[in-house]
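Model, not experiment: these values are computed from the prediction. Quick note on labels: first sequence line is chain A, next is B, and so on, each numbered from 1.
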Amino acid sequence: MSVSRFWRKIPQRYNLIGTQCTSCGRYFFPPRSLCPDCRRSGKIVDHKFNGEGTVVTYTVIRSASDQFEHTTPYVLAIVELDEGPRLTTQVACLPEEAKIGMRVRSVFRRIAADGESGTIHYGTKFVPVE
Amino acid sequence: MRDVAVIGVGCTEFGEHWGTSFRDLFVKAGALALEDAGLSGENLDALYVGNMSAGRFVEQEHIGALIADYAGLATNHVPSTRVEAACASGGLAFRQAVIAVASGMEDIVVAAGVEKMTDVGTGASVDMLASAADREWEGFAGATFPGLYAMIATDYMHRYPLTREQLAQVAVKNHENGAKNPIAQFRNRITVDTVLNSSLVADPLRLFDCSPITDGAAAVVVVPLERAREFTDSPVRVLASAQASDTIALHDRRDISTLDASVAAGKRAFAQAGLTHKDIDMLEVHDCFTIAEICAIEDLGFCKKGEAGRLTEEGVTALGGEIPVNTSGGLKACGHPVGATGIKQIYEIVNQLRGEAAGRQVDAEIGMAHNVGGTGATVVVHILGA
Ligand SMILES: [Zn+2]
């Protein structure tokens, strides 16, 4: 991913900042600037999520693109945040530990690297809640 | 609105065409379709080309013009438009051609699809295919395309009684059909054990659950039904052309293992054609992964959610079954040159309805094609009738 494209969403990627439509109360992560329910009448503000959620579904990636190949195998999941929205994320746990319904919380981690000497991308991953 | 008919079809062999370029693939398929329709290029009114990612696979954009040029249509200045909706690009190109003819704007139109995927390495192609999903919020986290369908499979198998063996049976059946298709990339038969012993790609999906990387092109010619008999004795009518969208990211869907866009496009197609499921004799569905065929059969309404695995195991979807699915071998065995797949589905149905499908011929008068972009953000459904 290009450097500018990555940096543009740094606050969102690092701190799990999404948005909320104050007209209907719905939360969005990844952030949206238009509420699909209220459309033009919705008012959108930033919202920092508390970072806890539940695994909805998951897989173990064994074969990845070049950027992620050095990380395989890794657990990829769809996590539903307690506030409602769902996101796609890695879960830092052993493949055999991953379960539907598992409680997880967000942590700040290295996500990928563009080649040996390229940019290192950081962002949010999730870990199991003890 | 005018009724529309298909009067000619053509398709290259699918596979790894090391010696054939992107443009040569297209020209070959186009020539076969025109020959089948008894046309030469000069009477064409327009061209619609489905292509997902020539910009990244062969570093070439402006595909519409390139193809018009090498198809010998540039000197006549035939309008040529590239259509893109990831793996649904071909189905969408066909739909654009149908709309153009139905509207009365154009009379003799070619719809084509082409993809040249084997010029790049596996890691690079995995990355390109992931761009059919949400690059910023799925791809960034490390989601591959098989990984997303694997998460559908995990959710599905958690909620419904689908066994790993039933899932493998989808690939076994599609290889059985591919073995009888002269254009198929894989013409070898496999067993459930072949699938279960292949390497894991993204749990629970294994290598033999996944469609391959493929080069190929397909083309069809559509005209107003009222003119079809000028060109052929066996026109195939377009009874419905439907399309639906959903969220780009899998995580934003209402239900992880239901493709709501398949449900919506299927319902629209049945309504347009004034038909019910009993009227459909065969299906070409988008089995980019085995789990995708299971979902497609259910989401299009041919059985209840959770039943397609059992029906597959019982042979209901096999060549001799009640509702044959993917007689071409599907994406799994016939191959999946992404932009060409949706047109190949039309090619297969036309061959079947004309009774020209040789060793894999089924008894069919009406067929349905189902083409998916991404994990279901675009779905295109067509119904064709002899
Ligand atoms: Zn709202």
Run the salt-bridge test on R62(A) and D203(B) with the 4.0 Å N-O cut-off and return the result as yes or no.
yes
Chain B contact via R109(A) - side chain, backbone, both or neither, heavy atoms under 4.5 Å:
neither
Side chain, backbone, both or neither: which part of L250(B) has a heavy atom under 4.5 Å from chain A?
both
Region of Y58(A) that comes under 4.5 Å of a non-hydrogen atom in chain B:
both
So R32(A) and D252(B), side-chain contact (heavy atoms from CB on, under 4.5 Å) or not? Walk me through it.
CA-CA 12 Å; R32(A) 284 177 188 263; D252(B) 280 330; 3.1 Å; yes
Counting heavy-atom pairs under 4.5 angstrom with chain B, the leader among T59(A), V56(A), T72(A) is T59(A)
Atom group of I111(A) that falls short of 4.5 Å from chain B, counting heavy atoms:
side chain
Within a strict 4.5 Å, meaning less than it, do heavy atoms of the I78(A) and M151(B) side chains meet?
yes
For the residue pair H251(B) and P30(A), establish whether any side-chain heavy-atom pair is separated by less than 4.5 Å.
yes
Student check: side-chain heavy atoms of W137(B) and L87(A) closer than 4.5 Å
no
Pick one of side chain, backbone, both or neither for I100(A), based on which atoms fall under 4.5 Å of a heavy atom in chain B.
side chain
So, the part of D155(B) with a heavy atom under 4.5 Å from chain A: the answer is both
Quick check: do E69(A) and T122(B) have side-chain heavy atoms less than 4.5 Å from each other?
no
Less than 4.5 Å to any heavy atom of chain A: does that hold for the side chain of I256(B), its backbone, both, or neither?
side chain
Does any backbone or side-chain atom of Y74(A) lie under 4.5 Å from a heavy atom of chain B? Answer side chain, backbone, both or neither.
side chain
In terms of heavy-atom pairs under 4.5 Å with chain B, the winner among T71(A), I61(A), T88(A), D66(A) is T88(A)
